[in-house]
A.B. asks: 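Please read through the structure below; I'll follow up with questions.
Only heavy atoms go into these numbers, but all of them, side chains included; no hydrogens, no water, no symmetry mates. Chain letters run A, B, ... following the sequence lines, proteins first and then strands; every chain starts at 1.
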Amino acid sequence: MTTERFSKRYNRKEIEEKWRRKWSEDNIYKFRYDPEKPMYVVDTPPPYVNAEHLHVGHIMSYSQAEFVVRFKRMRGYNVFYPMGFDDNGYPTEKFVENKYKVDKRTISKQEFIDLCLKETEIGAQNYKDLWTQLGISVDWDLTYSTISPLAVKVSQRSLLDLNNKGLLYRKESPILWCTQCDTAVAQADLEDKEFTVKLNYITLKSVSGKDLTIATTRPELLPACVALYVNPNDKRYKKLVGLKAIIPLFQHEVPIKTSDEVDPEFGTGLMMVCTWGDQGDVKKWLTDGLDSRIVLGRNGKLNELAGVYQNLRVEKARPLIIKDLDRKGFLRKQEELTHTVNVHERCNTPIEFVNSKQWFIKIVDNKNIWLEFGSKIDWHPKSRFNDYRVWVDSLKWDWCISRQRYYGVPFPIWYCNDCDEPHFVPEEQLPHNPATDNCLFEKCRKCGSSKFIPEVDVVETWATSSCTPFLIKELVKNQEIKEKVFPNSLRPNAFEIIRTWDFYSIVKSYYHFNTIPFKDLMISGHGLDEEGRKISKRLGNYIPSAELLEMYGADGIRYWATGAELGSNLRFSKDEIEKGKRLATKLWNAARLICSHVDEFKEINLADLNLESVDIWIVQQLNKTISKVTKGFEEYTYSISRNDLEEFFWRIFADYYVEFIKYRLYGSDIKSKETATATAYVVFLAILKMYAPILPFVTEEIYSRISFGSEESIHLSNWPEPINLKKSVNDFDQVIQAVDEIRKHKTSQGVSLGEWIESYKFDTNVDLKKYKEFLQNVGRVKVLE
RNA sequence: GGGUUCGUAGCUCAGUUGGCUAGAGCGUCUGGUUUACACCCAGAAGGUCGCAGGUUCGAGCCCUGCCGAACCCACCA
């Protein structure tokens, strides 16, 4: 007897800690290249490094992708699994502003960047610790950060290429602007938000002295009003078309025009149109021969057109103007109006349109290409492709990539001081930062001037992270491997960044290499709190990840993460985590039992043994399970795999098979005992391997005690294959039914299942000639008929 | 206004080309210390599958309409 191989209790904490250390020391997740084997390249989302908000959602989505990665590794792929840290850009700046109570306007640029870099380092370490705790099997020698010189170089090279291909342009035009963050933003950075505001009915006079009433939610934009519009079919206003009206308080005259866009039912049917600053299809109004009256500046304040209201921010100016309109008798009434407004997703501030010069990447004209290339990718689940399609359809603006921020990838551009001609730093000089590096140009190629000014804007973060599919190529030197890294095999990410990370990656891979960036997309849902609410800092409805891992251990939490089908949200559930812990214990105990009967662990070929029907039956069940579980992982439906595996392990293997062979394990027939032990061992080993991607710690611990041969880790071992026995049973269902019948009988009689009873007569039609002895022993009945 | 997903037991959810009596876990109830495991085992109760039609020999699954939820898009004077 060798029960001492396993202690009575599975010591989760100690064992998980041991393997974390050992995996790292032995470097078992290091990328190994075997030219004979296929590559499996994963472009994992580089998380934002401000790690204070880490919660189960992060654990969930990274675990879900990692189940598949571990599976692929065991299936014999050369797994290339790097990890990045997305540290450049707005989230880090915001984090620093909050943590240090500073503002980018009130601190020197360099000081601010230094703080960002410092936090970046702390954040990356937090993440690394967390992923290690969780058992995420990335190769820590393959890491990058999006602010590193390598990432800057790749990002800048991308801009150069786009510029050479005529896909990058700089233009002064009305753009989407966040007055809070003080920067241009892209369409993808917008979100819908409902606001309840006042709809103000304001009276103005036509030049002929007639009273007119408009309804507006934005009275502070009156100074920018350039026209009034009515629907051409609106009889009330037919006579007014072509006349002019006088704007109250500001006294300028505007024409009254018609457009089908105007809804006669809204407000008074008379609509005020302003130049930029207001939401709406700006371009359309601009082509209508209207004056340009810009009242809102990039600083979010009203300009000189606003007269006495100059230099006020929108939210300050609005009530003042309303007050003055009311005092002078122009305000007829106010109504409550609930409407949705585009806000900046980072700060929830309503977006304004301001006139500004920015860099853009052409995307609007190529919608058909984005759809075509998007459809070439295998979406898991398929339905999420629709999110992508809808997004591409709704594109209205080219991709504005310049940001008036500090902490990001610099544009490698110098402008001629005299004629504004942009000069791109040549590729061999990258990475380049015009804010700190010397100017590389002597004379403007256009006007000959020798004065240059640096571009001080930075590239938005997505313009860099959209390069990750080919950025990770740069993490290896070997040319042969490089070629196989891109396009990648898998991009796993949550659904809310389909329109940013995924979309922009497709754009860049098409423009640079005319290919899709990755073959498969795995879209995960969100982790929710126990009530099904979104997890947010504001609600405080989550336990920080590190604490969670400390409380429950990695295996239990990973088990919880298998609970949601791919693409679905998943509620946090202590019960599910507990279930995962119980599963680990169950595996531990099963190993204890089986191994107490094995003297030596060795390679066993079951086909060579004289198997009994019950042994053949369990192997058949195992084979079915292997096929189903394998298929599930292949299709990224790890939750289905987990269900199939659990049904087999717990219900069929533990509750039936193990009970079925106990009389042999403890009996005197040595041959029969050996066969049963061997079968149980082989089947259990396969179960253990199939659980390895989900529960890497407990499976590794058990494996280390019961494996044979040279395989150092279960995670580097081969995925189980169905076993060919060359014989089969097909009448075992009736045996199961017969066993159930005896169990039911004993339970209803209040008799312990372990107690021998004198006799029993079956209702079930079972072949007693063949199975009588088996049923007597398993059911503990002396006489059966 | 448009789209996507979803609505199945008290709760959380499976149900993969339409096919015997609709499943699991948790919870509840009954019984059992059975030489791996009470972190266990055996069993029971509990569902007009959101509603109303339709197609079909047959619908939880397919079609139409409606109700409700979440998310996305558009409008947003």
A.B. asks: Rounding to an integer number of Å, can you tell me how far F385(A) CZ sits from rC72(B) P?
C.D. replies: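 Atom CZ in F385(A) sits about 19 Å away from atom P in rC72(B).
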A.B. asks: Can you check whether H597(A) and Y681(A) have ring centres sitting under 6.0 Å from each other?
C.D. replies: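 No, the ring of H597(A) stays outside the 6.0 Å limit from the ring of Y681(A), centre to centre.
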A.B. asks: Calculate the interatomic distance between E191(A) atom CD and rC71(B) atom C1'; express it in whole Å.
C.D. replies: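 Those two atoms, CD and C1', are 11 Å apart.
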A.B. asks: For rC62(B) and rG15(B), measure between their P atoms and round to the nearest Å.
C.D. replies: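 That atom pair is separated by 12 Å.
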A.B. asks: Check this for me, if you would: do D529(A) and R571(A) make a salt bridge, where the nitrogen-to-carboxylate-oxygen distance has to be below 4.0 angstrom?
C.D. replies: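 No salt bridge links D529(A) with R571(A).
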A.B. asks: For K579(A) and rG25(B), what is the distance between atoms NZ and P respectively, to the nearest whole Å?
C.D. replies: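 These atoms are roughly 8 Å apart.
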A.B. asks: Between C1' on rU4(B) and OH on Y388(A), what's the gap in Å once rounded to a whole number?
C.D. replies: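 Distance, rounded to whole Å: 17 Å.
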A.B. asks: Can you tell me which nucleotide in rC37(B), rC26(B), rC39(B) comes closest to the side chain of K586(A)?
C.D. replies: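 Nearest to the side chain of K586(A) among the choices is rC37(B).
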A.B. asks: Quick check for you: among rC41(B), rG15(B), rC39(B), whose closest atom lies nearest to any side-chain atom of E565(A)?
C.D. replies: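 The nucleotide sitting nearest to the side chain is rG15(B).
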A.B. asks: Considering only the C1' atoms, how many Å lie between rG46(B) and rC26(B), rounded to the nearest integer?
C.D. replies: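 My reading of the C1' atoms in rG46(B) and rC26(B) gives 14 Å.
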A.B. asks: How are the rings of F684(A) and F653(A) set relative to one another: parallel (under 30°), tilted (30 to 60°) or perpendicular (over 60°)?
C.D. replies: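 F684(A) vs F653(A) ring planes: parallel.
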A.B. asks: For rC37(B), does OP1 or OP2 lie under 4.0 Å from any side-chain N or O of K8(A)?
C.D. replies: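 For rC37(B), OP1 or OP2 has a side-chain N or O of K8(A) closer than 4.0 Å.
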A.B. asks: Are R218(A) and E352(A) ion-paired here, with the side-chain N under 4.0 Å from a carboxylate O?
C.D. replies: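 Yes, this pair counts.
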A.B. asks: Hey, is E576(A) close enough to K579(A) for a salt bridge, meaning N to O under 4.0 Å?
C.D. replies: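 A salt bridge links E576(A) with K579(A).
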A.B. asks: From rA42(B), rG43(B), rC26(B), pick the nucleotide closest to the side chain of K744(A)?
C.D. replies: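 Nearest to the side-chain atoms of K744(A), counting from C-beta on, is rG43(B).
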A.B. asks: Is any side-chain N or O of K574(A) closer than 4.0 Å to OP1 or OP2 of rG25(B)?
C.D. replies: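 No, no such contact exists.
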A.B. asks: Taking only the side-chain heavy atoms of N589(A) (C-beta and beyond), determine which of rG25(B), rG32(B), rC37(B) contains the nearest atom.
C.D. replies: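 Selected nucleotide (nearest to the side chain): rC37(B).
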A.B. asks: Is there a side-chain polar atom (N or O) of R582(A) under 4.0 Å from OP1 or OP2 of rC26(B)?
C.D. replies: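 True: R582(A) side-chain N/O within range (under 4.0 Å) of rC26(B) OP1/OP2.
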A.B. asks: Taking atom C1' in both rC66(B) and rC72(B), compute the distance separating them and give it to the nearest angstrom.
C.D. replies: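 One C1' to the other, the span is 23 Å.
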A.B. asks: Between G563(A) and V658(A), which residue's closest nucleotide on RNA chain B lies nearer the 5′ terminus?
C.D. replies: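 Whichever sits nearer the 5' end wins; that is G563(A).
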A.B. asks: Measuring only the P atom in each nucleotide, how far is rC41(B) from rU34(B)? A whole number of Å is fine.
C.D. replies: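 Going atom to atom, P in each nucleotide, I get 15 Å.
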A.B. asks: Considering only the C1' atoms, how many Å lie between rG19(B) and rC71(B), rounded to the nearest integer?
C.D. replies: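 About 35 Å, rounded to a whole number of Å.
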A.B. asks: I need the CZ-C1' distance between R571(A) and rC11(B), as an integer number of Å.
C.D. replies: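 Taking CZ of R571(A) and C1' of rC11(B), I get 9 Å after rounding.
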A.B. asks: Between W650(A) and I640(A), which has a closest nucleotide on RNA chain B that is more 5'?
C.D. replies: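 Its nearest nucleotide being more 5', the pick is I640(A).
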A.B. asks: Report yes if at least one side-chain N or O of R651(A) is closer than 4.0 Å to OP1 or OP2 of rG25(B); otherwise report no.
C.D. replies: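 Yes, such a contact exists.
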A.B. asks: Between rC75(B) atom P and N231(A) atom CG, what is the distance in whole Å?
C.D. replies: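 Spelled out: CG on N231(A) to P on rC75(B) is 18 Å.
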A.B. asks: From the set rG25(B), rC72(B), rU4(B), return the single nucleotide nearest to any side-chain atom of N386(A).
C.D. replies: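 Among rG25(B), rC72(B), rU4(B), the one nearest the side chain of N386(A) is rU4(B).
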A.B. asks: May I have the distance from L190(A) (atom CG) to rC72(B) (atom C1'), rounded to whole angstrom?
C.D. replies: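 Nearest whole value for this atom pair: 14 Å.
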A.B. asks: So, K198(A) and E335(A), do they make that salt bridge, N to O below 4.0 Å?
C.D. replies: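 Salt bridge absent between K198(A) and E335(A).
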A.B. asks: Taking rU21(B) as the reference, what is the distance to rA38(B) when you measure between their C1' atoms (whole Å, please)?
C.D. replies: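 33 Å, rounded to whole Å.
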A.B. asks: Would you say Q187(A) places a side-chain N or O within less than 4.0 Å of OP1 or OP2 belonging to rA74(B)?
C.D. replies: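 Indeed, a polar side-chain atom of Q187(A) lies that close.
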A.B. asks: How about CG on D211(A), more than 12 heavy atoms from neighbouring residues, nucleotides or ligands closer than 6.0 Å, or not?
C.D. replies: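 Enclosed: over 12 neighbouring heavy atoms sit under 6.0 Å from CG of D211(A).
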A.B. asks: For the side chain of L753(A), starting at C-beta, report the closest nucleotide among rU34(B), rC26(B), rG25(B).
C.D. replies: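 The nucleotide sitting nearest to the side chain is rU34(B).
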A.B. asks: By nearest atom, which of the nucleotides rG32(B), rC37(B), rG43(B) is closest to the R743(A) side chain?
C.D. replies: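 Between rG32(B), rC37(B), rG43(B), the one nearest the side chain of R743(A) would be rG43(B).
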A.B. asks: How long is the line joining CG of D189(A) and C1' of rC72(B), in whole Å?
C.D. replies: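 The distance from CG of D189(A) to C1' of rC72(B) comes to 16 Å, rounded to the nearest Å.
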